[in-house]
Amino acid sequence: MATQSEIWTQKYFPEKEGEIVGNPSAVKRINEFLASYRRKTSKDKAIVLVGPPGTGKTAAVYVLATKYNFDLFEINASDVRNQAKIKRIVGTAAMKKSIKGNLGTIILVDEVDGISGMQDRGGIGALIKIIKDTRNPIILTANDLSDQKFSTLKRNVQQVKFKSIQKNTISKTLKKICKQENIEHDDRVLMQISENAKGDLRAAINDLQSVAEGKSSLSIDDLENLHQIRDEEKTLFEALRVIFKEQNVRTIQKILWQVDLSTRDFGLLMQRINELIPEHMHEPEEIAAAYRALSNADIIWGRIQRKAEKSIWKLFPYFSLELSAGVSLARTKSPYHFVNYYSIFPRFFFQNLSKLRRGDMASIGAKIRNKLQIGISKAVAEYLPFLSMIYQHNPEMAKRIGAYFNFDKKEDQFIKSFWK
Ligand SMILES: Nc1ncnc2c1ncn2[C@@H]1O[C@H](COP(=O)(O)OP(=O)(O)O)[C@@H](O)[C@H]1O
Ligand SMILES: [Mg+2]
C-alpha cells in the first residue's frame, strides 16, 4: 500500500550516473567541475545549471555529489540574504567533513530564478558574495536567466546548459518504469505521453503515474483520463495565476466564474491558494492578510455548500471578494514573479479529483466538517486519505469511525477506495 502511493519521480530518482538520461555534455561539465574541485585545480567556485524544468538538473547534482564523495547542502534561495544564517550553515557543513570523512560539501541553491529572495539585485548580490566568500563548491540551478537582472550573475558564474529531453529518450525511461511496475503497455501510449510532456521528464513520469498506477496493463483508451485531467488543470492554474498576478478585483472575480461551480473545484482551488501564498508573498503582514482572507473564503464556502442550490449565488460574491480583494490585494510589497505551477503540483493529484466527481465527495466532506468544525477543503485534503487508509487496513476501527460520522454504505465504499 505504502509503495503504491509513493511518487514515481521520487521512486525513480536516478541513483547512479548511468541513470541520468540526456544532456551528456552538461553532465560531463559537472563532472569536470567537481573533479577539478577535488584536485583543488578548479578555476571556478560555482556553476549554474540552466534549463527547462524536469530535465534532471537537480538529479544530476545529487548523483554526482555522491560519485565524488561530497556532502550536499541545500540553501533555500530565500535564505541567501541572511548572511548570518548562511555562515552558520556553511560552518556546519565544513565541520561535517571531518565527521563523515567526505571530501567537502557542495552547496546547492536550487531554482535561483524561481523562488523568493531573488526578485531584485540585492538577492543576487548576496549570492555572488557567498560564492566569493566560501571555500565550498557551489552549484546553482535555474530555469531561465534571460532576465536582465541576472546579467551580473552570468558574468560571475559559468553556465551549464540543460536541454529538454528528447521524446524517444523519455519514452525509453517510461518503458523501464512500466517494466519495474509490471505494467503491460502499448508502445504508442508511452510515445503519446512522451510527446505531450514536451521535453519535461518529470511531467512525463507524473502523467504515466496518473494513468497507469495500480494497473496491470495500459492502453490508448487510458489516455482519455489524462486529457480530462489536463483541462481541469488548465482552468485551475489559470485561475490561480490571475489571483496571484492581477491586482484588479473585477478581473479576478471574472476568472472565478470560469471555474466550474458544479464540479466543486473551489475546495481544491483554496487548497492550492493555501500552498501558493508563501510562494508569491514574502512579507509576514502580506502572508497573514492573505491567510485571513482565505480562511474567510473557506468559511463562506462551507456555508454555501450547506445551503440549497439557489442561495449559492447569493453568497458567491462574498466568497469571490475574499479571494480577489482579500488574497490578491494582500500582496502589497512582494513583486509578482512567475511560478511554474505544473512543476510544483504533480499531476497524479488530479486523478483523485476525477474520482471525486464520480463519488459523493461533497456529502462526505460535509459530514466530516460538521463533526470536526473544519473547512470542507481541509476535511477532504487532510482527513479523507487518512480515513481511507484506516478503512483499508482496520475494518474494526473503520466501523466505529463510520458510525461516528454517520457515513452511509455508499460513502463507506467511496472512502475505502479513495486512496489507492
Ligand atoms: N535527465 C534525467 N534523467 C533521469 N531522470 C530524470 C531526468 N530528468 C528528470 N528526471 C526525473 O524527473 C524528476 C525531476 O527531475 P529534476 O532533476 O528535479 O529536474 P529539474 O531539476 O531539471 O527540474 C526526477 O525525480 C527524475 O525522476
Ligand atoms: Mg530541480
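Start at 1 and go down the list; that is how both ligands and their atoms are numbered. Since the model is a prediction, treat every value here as computed from it, not as a measurement. All residue numbers refer to positions in the sequence shown, counting from 1.
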Does a salt bridge link [X] with [Y], judged by any charged N lying under 4.0 Å from a carboxylate O?
X	Y	answer
K57	E111	no
K67	E17	yes
D412	K416	no
D200	K198	no

[atom]: the protein heavy-atom neighbour that sits closest, reported with distance to 0.1 Å:
atom	answer
atom 6 (C) of ligand 1	L201 CD2, 3.3 Å
atom 3 (N) of ligand 1	V21 N, 2.9 Å
atom 8 (N) of ligand 1	G56 N, 2.9 Å
atom 11 (C) of ligand 1	I205 CD1, 3.9 Å
atom 22 (O) of ligand 1	K57 NZ, 2.8 Å
atom 27 (O) of ligand 1	T9 O, 3.1 Å
atom 21 (O) of ligand 1	T58 OG1, 2.8 Å
atom 23 (O) of ligand 1	G54 N, 2.8 Å

Checking R331 against E283 for the salt bridge (charged side-chain N to carboxylate O under 4.0 Å, His left out) test, could you report, in this order, the C-alpha distance in whole Å, the side-chain angles of both residues, the deciding distance, and whether it holds? CA-CA 9 Å; R331 185 171 60 79; E283 300 298 328; over 6 Å; no
Give the atoms of ligand 1, by number and element, whose distance to some non-hydrogen atom of [X] is under 4.0 Å.
X	value
I20	1 (N), 3 (N)
E19	3 (N), 4 (C)
P53	23 (O)
P14	4 (C), 5 (N), 26 (C)

According to the interplanar angle, ranging from 0 to 90°, do the rings of H280 and F244 count as parallel (below 30°), tilted (30 to 60°) or perpendicular (above 60°)? parallel
Determine the interplanar angle of the Y12 and W8 rings, folded into 0 to 90°, and report it as parallel if under 30°, tilted if 30 to 60°, perpendicular if over 60°. perpendicular
For E285, does the CD atom sit with more than 12 other heavy atoms under 6.0 Å from it, leaving out its own atoms? yes
More than 12 heavy atoms of other groups within 6.0 Å of E184 CD: no
Specify side chain, backbone, both or neither for [X], according to which of its non-hydrogen atoms lie closer than 4.0 Å to ligand 1.
X	value
Q10	neither
T141	neither
A59	both

Counting only N and O atoms by type, is there a donor-acceptor contact under 3.5 Å from the side chain of K167 to the main-chain atoms of M191? no
2.8 Å cut-off met by an N, O or S atom of T58 to the Mg ion (ligand 2): yes
Can E286 and S334 be counted as having a side-chain donor-acceptor contact under 3.5 angstrom? yes
Is there a polar contact, in the sense of an N or O pair closer than 3.5 Å, between R202 and ligand 1? yes
Is G22 close enough to touch ligand 1? Criterion: a residue heavy atom under 4.0 Å from a ligand atom. no
